[in-house]
S.K.: 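Before I ask anything, let me first share the structure, which is written out below as structure tokens.
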2 protein chains.
Amino acid sequence: MPSQSHSPTGGQQRRPASQQGMRRQNLALVLGAVAAHAPLSRADVAARTGLTRAAVSTLVVTLHEAGLVSELGPAPSGRVGRPGNALVLSNEGPAGLGLEVGVEHLAGCVVDLSGEVRLQRRTASPNRGRPADQVLADLGALAAELLAEAEALKLRPAGAVLAVPGLVDAAAGTVVHAANLGWRELHLPPELLGLPLSVENEANLGALAELWREGGEAEGPAPVDFVHVSAEAGIGAALVVGGRLFRGARGFAGELGHVPVHPEGPLCPCGAHGCLEQYAGERAVLAAAGLPEASGDWVALLAKRAAEGSAPVREALRQAGVALGTALAGAVNLVDPEAVVLGGAYAELGEWLLPAMRAELAARVTVRPWEAGALSASGLGRAGALLGAALVTVRRIIENPSGAYGVG
Amino acid sequence: MPSQSHSPTGGQQRRPASQQGMRRQNLALVLGAVAAHAPLSRADVAARTGLTRAAVSTLVVTLHEAGLVSELGPAPSGRVGRPGNALVLSNEGPAGLGLEVGVEHLAGCVVDLSGEVRLQRRTASPNRGRPADQVLADLGALAAELLAEAEALKLRPAGAVLAVPGLVDAAAGTVVHAANLGWRELHLPPELLGLPLSVENEANLGALAELWREGGEAEGPAPVDFVHVSAEAGIGAALVVGGRLFRGARGFAGELGHVPVHPEGPLCPCGAHGCLEQYAGERAVLAAAGLPEASGDWVALLAKRAAEGSAPVREALRQAGVALGTALAGAVNLVDPEAVVLGGAYAELGEWLLPAMRAELAARVTVRPWEAGALSASGLGRAGALLGAALVTVRRIIENPSGAYGVG
DNA sequence: ACTATTCGTCATCGCGATGAACAAATTAGT
DNA sequence: ACTAATTTGTTCATCGCGATGACGAATAGT
């Protein structure tokens with residue numbers, strides 16, 4: 001289960017603090033500082049973390065032996081004094097493998113510790129209704145190729161995470177229901193080619209990719225409390241709270257698609273009336289736009305038609321935006337996020353969806369301060385899920401370096 | 001600010017782990033075990049926490065010197081072996097002072113470390129529109145009386161928390177807006193009679209009281225992930241996530257009252273259309289019931305008329321329940337709580353509100369498992385806020401014993 | 001060359017948990 | 001009643017790990 005167990009039920013079952021725990025925590029602290037702030041000397045790390053230079057030194061020895069950090073050698077800083085020895089995350093050794101199964105494709109990628117995508121691979125594959133074991137076999141072959149190439153780069157993935165468009169029980173490692181693939185109650189093996197394998201919802205992984213994106217760009221610091229909306233199979237929202245994915249008590253948080261928008265609206269397959277999906281879901285938008293359903297890459301098609309100036313398509317998207325905005329207004333009133341990010345496939349339709357969403361949010365979020373800029377489209381778009389899947393393993397190593405292998 | 005700072009913005013600004021931090025954590029671990037599981041011998045604590053008996057011994061010495069735990073003396077256990085020396089939370093020394101200002105009353109109470117209410121006081125006081133400093137002066141007098149009585153019981157409150165019906169910025173210690181009192185942008189002094197003073201929303205405190213209620217009764221274990229709905233001034237929902245109050249990025253989470261229920265519904269004073277308050281708020285319910293507004297204790301009045309069998313009142317409450325259920329269905333779909341608790345004044349109307357709410361939730365929460373029993377009325381009712389206010393200080397001491405005084 | 005800095009490492013110290021040993025207090029068995 | 005077996009709580013030696021302070025190394029400024 002990536003990132004966070006869903007309710008550790010641990011009322012007060014905390015572990016006692018031992019000196020080994022202390023060391024573990026400080027290893028993570030040092031590695032986290034190196035991961036977050038590019039090249040850093042030991043002294044920089046000490047200043048930033050509050051640890052002593054001496055302590056940082058011994059911690060770095062451990063991290064270096066584990067192959068997690070490497071030195072670039074002394075770099076003239078321009079200032080007086082002995083120059084520091086720059087530390088960076090190792091671009092060899094531990095890595096993360098992300099896998100993705102979509103309706104029409106399989107994909108995988110390998111990222112190194114610094115989050116850089118080092119390998120990527122994508123193959124067309126009509127998976128709709130195909131037996132799951134065949135799909136998984138193809139996916140295994142793709143993963144094997146990636147692992148071979150990774151070995152040539154001296155990268156050694158420590159875990160694999162699979163992104164699935166559908167409802168997933170991450171803790172149990174099962175796909176509860178993926179309508180577009182025709183999967184239901186599918187238990188995935190705990191290992192793939194010797195790597196521990198986790199499953200996760202595409203929407204959640206897209207949110208994590210957004211959370212962990214390189215903050216270096218001019219986009220400002222990545223928010224740690226946000227709602228990430230994405231539509232792939234149904235409409236899902238991932239809640240990120242304090243930099244952690246929030247799964248809810250039973251792991252089913254984020255079902256934005258079934259938030260009631262018009263309580264007396266049309267019947268939804270879920271059994272309720274007027275769910276958001278009835279206004280902003282695939283079928284609803286295609287119907288409103290006058291397009292046939294199940295038409296291949298419907299998102300790309302909509303984007304193309306809208307760009308061409310099709311009035312019905314634009315109106316359909318505007319109405320979807322209104323519904324999304326209404327549902328999100330409720331969500332914002334409830335959880336008060338720092339930002340709302342439109343991700344996944346819908347990010348590509350942002351140009352047509354965002355104005356109506358912004359208007360709706362501005363009109364309905366009135367009790368607290370709310371700026372239009374707090375709603376934006378993800379720059380990652382559909383690539384987010386795969387990237388997020390690969391990053392899960394890497395982040396897990398960085399946040400708990402002694403957990404991987406026998407570092408401690 | 002009680003309980004949890006609202007977004008520590010701490011991307012990776014964690015403190016380094018020192019051996020003093022280790023001690024602090026283990027003190028909290030031991031004290032937490034004693035607080036949670038009644039009388040416990042040192043050996044029991046060791047077994048339960050995973051610490052060594054030796055370690056527990058020295059930790060208990062520190063806690064005893066700080067006046068946080070006391071010994072009951074050896075108690076025959078019936079089993080073979082030397083009997084353990086039972087440890088309990090001290091019923092003297094550190095305590096918590098809770099204060100409450102309502103539209104028609106002032107109240108205060110003192111709880112000891114074990115959460116027991118030792119002193120309670122309530123005075124009628126028409127506070128609507130009265131100058132805030134006069135109200136606070138009266139409240140100070142009430143607090144002074146309680147502190148004098150507390151001293152006779154050898155209880156020494158370590159902090160005071162004030163429950164206010166309205167929007168509060170707990171971190172800044174200000175009441176942003178309390179419509180029913182006529183307060184706006186009121187900065188409260190940081191101290192009251194020498195005690196550090198915090199302010200908090202009534203709804204949030206009611207939720208915390210629910211969270212911290214004695215689990216011993218047959219009501220089963222208190223949930224750690226739940227939504228606590230209460231209506232006092234407006235309709236508020238407090239989200240408790242993993243046993244902590246969730247405040248949102250800016251501290252405004254839980255505005256259930258302005259979640260859109262019927263997007264094209266009547267205009268709300270907040271500027272939006274069809275907010276929940278337009279269907280389940282004080283004015284809406286009274287109007288639907290055919291009663292004059294601003295009629296003293298309107299909740300009690302509604303409960304009385306409903307119990308007498310008044311059809312219009314019952315129908316008004318049923319419709320409010322439908323609206324509440326619709327809004328809550330959205331909330332449940334989003335955050336997947338373990339339970340939903342109806343608290344505050346509305347708890348007294350539970351008999352008339354719950355059936356419609358349950359029906360609505362059952363119909364609209366379909367993707368995940370949902371049982372009707374997950375929605376219930378709080379047993380604390382309106383007393384929750386005051387109790388929660390007093391418990392905040394006590395819980396803070398228990399969760400961080402070295403923070404209070406110079407324990408460490 | 002000399003001084004002022006800054007960086008990284010080493011020896012020493014203190015704190016706090018661990019583990020083993022031991023006295024005290026009880027029950028079970030004869 | 002006396003012994004054996006347990007369980008509790010404390011004491012003592014030990015270990016791990018960060019803090020502290022000192023020292024060599026490497027740079028800039030004069």
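Order of the sequence lines fixes the chain letters, A, B, ..., with proteins taken first and strands second; residue numbering starts at 1 for each chain.
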S.K.: If you assign each of A/Gln20 and B/Arg42 to its closest nucleotide in DNA chain D, which residue comes earlier from the 5' end?
M.R.: B/Arg42
S.K.: Under the rule for side chain to side chain contact (heavy atoms under 4.5 Å, CB included), what residues qualify as partners of A/Pro74, not counting sequence neighbours?
M.R.: A/Pro83, A/Asn85
S.K.: For the pair made of CG in B/Leu87 and C1' in D/dG9, what is the distance, rounded to whole Å?
M.R.: 11 Å
S.K.: Hey, which sits more toward the 5' end of DNA chain D by its nearest nucleotide, A/Arg82 or A/Met22?
M.R.: A/Met22
S.K.: Any donor-acceptor pair under 3.5 Å between the side chain of B/Arg53 and the base of D/dG9?
M.R.: yes
S.K.: Which residues satisfy the side chain to side chain contact (heavy atoms under 4.5 Å, CB included) test with B/Leu155, sequence neighbours excluded?
M.R.: B/Ala95, B/Val110, B/Asp112, B/Arg118, B/Ala150, B/Leu153
S.K.: I want to confirm an ordering. Mapping B/Arg23 and B/Pro83 to their closest nucleotides on DNA chain C, which one lands closer to the 5' end?
M.R.: B/Arg23
S.K.: Across the strands shown, which category fits A/Ser18 at heavy-atom distances under 4.0 angstrom: base, sugar-phosphate, nothing?
M.R.: nothing
S.K.: For B/Glu191, which residues count as a salt bridge (Lys or Arg N to Asp or Glu O under 4.0 Å) partner, sequence neighbours excluded?
M.R.: none
S.K.: Return the set of residues passing salt bridge (Lys or Arg N to Asp or Glu O under 4.0 Å) with A/Glu71 (not counting sequence neighbours), or none when no residue passes.
M.R.: A/Arg42
S.K.: Can you name the residues that form a side chain to side chain contact (heavy atoms under 4.5 Å, CB included) with B/Val30, not counting sequence neighbours?
M.R.: B/Val45, B/Leu51, B/Leu59, B/Val60, B/Leu63
S.K.: If each of A/Ala43 and B/Gln19 is mapped to the nucleotide of DNA chain C with the nearest heavy atom, which maps nearer the 5' terminus, i.e. the 5' end?
M.R.: A/Ala43
S.K.: For a 4.0 angstrom threshold against heavy atoms of chain B, report the outermost contacting nucleotides of DNA chain C in 5' to 3' order.
M.R.: C/dG14 to C/dT27
S.K.: Should we say atom CD of A/Glu151 is surrounded by more than 12 heavy atoms from elsewhere, each under 6.0 Å from it?
M.R.: no
S.K.: Could you check how far CG of A/Asn85 sits from P of D/dT27, rounded to whole Å?
M.R.: 11 Å
